[in-house]
**Q** 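Mind having a look at this structure? Questions to follow.
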Amino acid sequence: KEADLLTLLCQHANNMVDRMHALQIIWRSDNYFSARSMDVYITKLRKLLQDDPTIRIINVHGKGYKLSTHAKMTIEHFTLFLIVMAAIAAIVFIALYFVEAGYGMLFDKKWGLPIPNKIAWICMEAPVFIVMFLLWNGSERQFETVPFLIFLFFELHYFQRSFIFPLLIKGKSKMPAGIMLMGITFNLLNGYMQGEWIFYLAPQDMYTKSWLHSPQFIVGTILFFTGMAINIQSDHIVRLRKPGDTNHYLPKKGLFKYVTSANYFGEIVEWCGFAILTWSASGAVFAWWTFANLVPRANTIYHKYKAMF
């Protein structure tokens with residue numbers, strides 16, 4: 001029956017095989033025991049095929065199975081992509097100790113045409129929200145419990161950053177077009193990096209419901225939402241000022257009592273949590289990028305505050 005099942009899947013490669021149809025064709029029955037027997041054979045076939053990332057048996061939620069004979073990217077190519085991304089982050093980390101990213105209180109028009117902050121933030125953050133949605137929407141894993149939860153966590157953050165945070169910005173500050181374009185580029189790559197792993201390349205048996213009880217998922221989720229809460233609260237503290245006041249002040253509430261850039265600290269905690277809850281190299285590279293981008297900036301802001309106050 002194992003061979004019969006593989007033959008049936010091959011005959012319908014890249015198309016769904018209805019579960020009831022497979023049971024009737026191979027087992028001549030669709031009762032509970034036949035269904036459980038087929039599940040066992042599907043698991044065995046996945047183990048036999050697991051060494052070839054271009055061939056996968058995918059669950060089509062509530063309907064059946066599909067033998068996918070083309071992956072969007074092989075594991076080898078994806079690993080190379082992650083290595084390149086991590087190396088670029090290392091370069092950025094070093095460079096930002098010598099070059100100021102000219103936005104926010106470090107605004108510098110040499111980085112390009114000034115764009116109103118609200119528009120720039122939406123344009124910069126929305127692409128990653130859209131890319132993740134498209135990758136999720138095109139995946140057969142879209143309604144599997146764990147990938148769907150990870151998707152919701154990620155999109156929750158970027159919905160807030162793309163469509164809520166920008167509208168709360170006060171004043172008429174601007175962002176250089178060059179900074180915005182670099183942010184768009186990174187966010188497109190990062191959305192692909194996370195979505196490709198979660199919905200296409202992660203082993204089929206990795207993000208099962210049992211993952212919800214794993215230490216990685218529990219600890220990572222706690223860190224993720226703790227970091228998100230710190231980030232949102234700290235941004236709120238930064239915005240606390242009288243109407244029309246566009247001056248910069250040294251925040252002294254919340255975690256600003258202990259760190260210069262509590263909002264950045266929260267975001268680093270958040271994406272470290274995401275790396276842990278997904279237990280993935282792609283998540284780790286994103287956490288490294290967050291650290292590499294925000295720690296040098298926090299250092300620059302610290303020295304700026306030191307000179308101003």
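Residue numbers count from 1 along this sequence. The shown structure was predicted, so the numbers you read here are calculated from the model rather than taken from an experiment.
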**Q** Determine yes or no for a side-chain-to-main-chain donor-acceptor pair under 3.5 angstrom, with S261 supplying the side chain and Y264 the backbone.
**A** no

**Q** Connecting only ILVMFWY residues whose side-chain heavy atoms lie within less than 4.5 Å of each other, what is the rest of V60's hydrophobic cluster?
**A**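 Same cluster as V60: M16.
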
**Q** Please name the residue in the list I94, I301, V92, L96 that meets the side-chain contact (heavy atoms from CB on, under 4.5 Å) test with P296.
**A** L96

**Q** Checking H21 side chain against V17 main chain: does a donor-acceptor pair fall under 3.5 Å?
**A**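 No; judged by distance alone, with no hydrogens or angles, the pair does not exist.
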
**Q** With side-chain contact (heavy atoms from CB on, under 4.5 Å) as the test, would you mind laying out the steps for L188 and I184 before giving the verdict?
**A** CA-CA 6 Å; L188 288 171; I184 290 172; 4.0 Å; yes

**Q** Are any of the side-chain heavy atoms of Y158 and F163 separated by less than 4.5 Å?
**A** no

**Q** Between the main-chain N or O of A86 and the side-chain N or O of W288, is there a donor-acceptor pair closer than 3.5 Å?
**A** yes

**Q** Are any side-chain N or O atoms of S162 and backbone N or O atoms of I122, one a donor and one an acceptor, separated by less than 3.5 Å?
**A**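 Side chain of S162 to backbone of I122, a donor-acceptor pair under 3.5 Å: no, none is there.
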
**Q** For F153 and F224, which heavy atoms make the closest approach, and how far apart are they?
**A**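 Scanning both residues completely, I find the closest heavy atoms to be O-CZ, 3.4 Å.
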
**Q** For the residue pair L49 and L67, establish whether any side-chain heavy-atom pair is separated by less than 4.5 Å.
**A** yes

**Q** Return the minimal non-hydrogen interatomic distance between W271 and A287, and the atom names on each side.
**A**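 Heavy-atom minimum between the residues: O-CB, 3.7 Å.
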
**Q** When you compare the side chain of M182 with that of W111, does any pair of heavy atoms fall below 4.5 Å?
**A** yes

**Q** Who pairs with R28 by side chain to side chain contact (heavy atoms under 4.5 Å, CB included), at least two apart in sequence or on another chain?
**A** none

**Q** Salt bridge between K44 and D39, side-chain N to carboxylate O under 4.0 Å?
**A** no

**Q** Can you list, by chain and residue number, the hydrophobic cluster partners of I91 when the side-chain cut-off is 4.5 Å?
**A**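 Besides I91, the cluster holds no residue at all.
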
**Q** Regarding R161 and the six-membered ring of F165, is the cationic atom NZ or CZ under 6.0 Å from the ring centre and inside 45° of its axis?
**A** yes

**Q** What residue among T221, L149, I218 forms side-chain contact (heavy atoms from CB on, under 4.5 Å) with L212?
**A**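 Between L212 and the candidates, side-chain contact (heavy atoms from CB on, under 4.5 Å) is satisfied uniquely by L149.
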
**Q** Above 12 or not: heavy atoms from other molecules or residues under 6.0 Å from CH2 of W279?
**A** no

**Q** Are the aromatic ring centres of F133 and F129 under 6.0 angstrom apart?
**A**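 Between F129 and F133, which both carry aromatic rings, the centre distance is not below 6.0 Å.
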
**Q** Would you confirm whether N231, through its side chain, and N263, through its main-chain N or O, come within 3.5 Å as a donor-acceptor pair?
**A** yes

**Q** Looking at R36, is its backbone amide N or carbonyl O close enough to the side chain of Y41 to form a donor-acceptor pair, meaning the two atoms are under 3.5 Å apart?
**A**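 A pair under 3.5 Å: no.
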
**Q** Taking atom types as modelled, is there a side-chain donor on N190 or Q194 under 3.5 Å from an acceptor on the other?
**A**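 There is such a pair (donor and acceptor under 3.5 Å, judged by atom type) between the side chains of N190 and Q194.
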
**Q** In the single-linkage hydrophobic clustering (I, L, V, M, F, W, Y; side-chain heavy atoms under 4.5 Å), do F186 and I83 co-cluster?
**A**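 They do not share one cluster, since no chain of ILVMFWY contacts under 4.5 Å joins F186 to I83.
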
**Q** Decide yes or no for F274 and I150: does some side-chain heavy atom of the first lie under 4.5 Å from some side-chain heavy atom of the second?
**A**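 Yes, their side chains come closer than 4.5 Å.
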
**Q** List the atom of K209, the atom of T145, and the distance in Å for their closest heavy-atom pair.
**A** CE-OG1, 3.3 Å

**Q** Relative to the ring of Y192, is the ring of F81 parallel (under 30°), tilted (30 to 60°) or perpendicular (over 60°)?
**A** perpendicular

